[in-house]
Amino acid sequence: MPAALVYPLAALAEIAGCFAIWAWWRGASVFWLVPGLMSLALFGWPLAQVEAGFAGRAFAAYGGV
């Protein structure tokens with residue numbers, strides 16, 4: 001999987017998962033947890049598709065944005 005696709009997918013999955021859990025924590029329905037946890041699990045999948053040495057670059061790439 002090309003790195004140009006991995007980084008945006010990982011970023012989107014992490015942001016969506018964190019938002020869903022934040023929304024639940026702030027009083028939204030418990031049903032926000034299901035897509036949130038699935039999204040966070042999906043976050044790990046694209047990063048597992050690149051070499052281990054490059055996974056840290058994914059965090060730096062979208063973490064710095």
Side-chain angles (χ1 to χ4, degrees):
M1 182 178 289
L5 184 61
V6 170
Y7 298 149
L9 283 176
L12 183 63
E14 183 187 19
I15 291 167
C18 290
F19 175 79
I21 291 175
W22 173 84
W24 166 75
W25 190 264
R26 301 289 291 180
S29 170
V30 71
F31 294 110
W32 277 86
L33 286 178
V34 174
L37 294 175
M38 288 186 344
S39 182
L40 288 176
L42 180 66
F43 158 68
W45 181 78
L47 290 182
Q49 304 307 307
V50 296
E51 294 182 34
F54 295 111
R57 291 182 185 176
F59 292 114
Y62 67 83
V65 171

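Numbering starts at 1 and runs along the sequence shown. Note that these values count all heavy atoms, side chains included, but never hydrogens, waters or copies made by symmetry.
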Taking only distance into account, with no hydrogens and no angle test, what donor-acceptor pairs under 3.5 Å do side-chain atoms of residues 33-40 form with protein atoms, sequence neighbours excluded?
from: S39; atom 1: OG; to: A13; atom 2: O; distance (Å): 2.5
from: S39; atom 1: OG; to: G17; atom 2: N; distance (Å): 3.3

| Of all residues at least two apart in sequence or in a different chain, which pass the ring-ring contact (aromatic ring centres under 6.0 Å, His included) check with W22? | F19
| task | Spell out, yes or no, whether W32 and W25 are grouped together once hydrophobic residues are joined by side-chain heavy atoms under 4.5 Å, including indirect joins. | result | yes
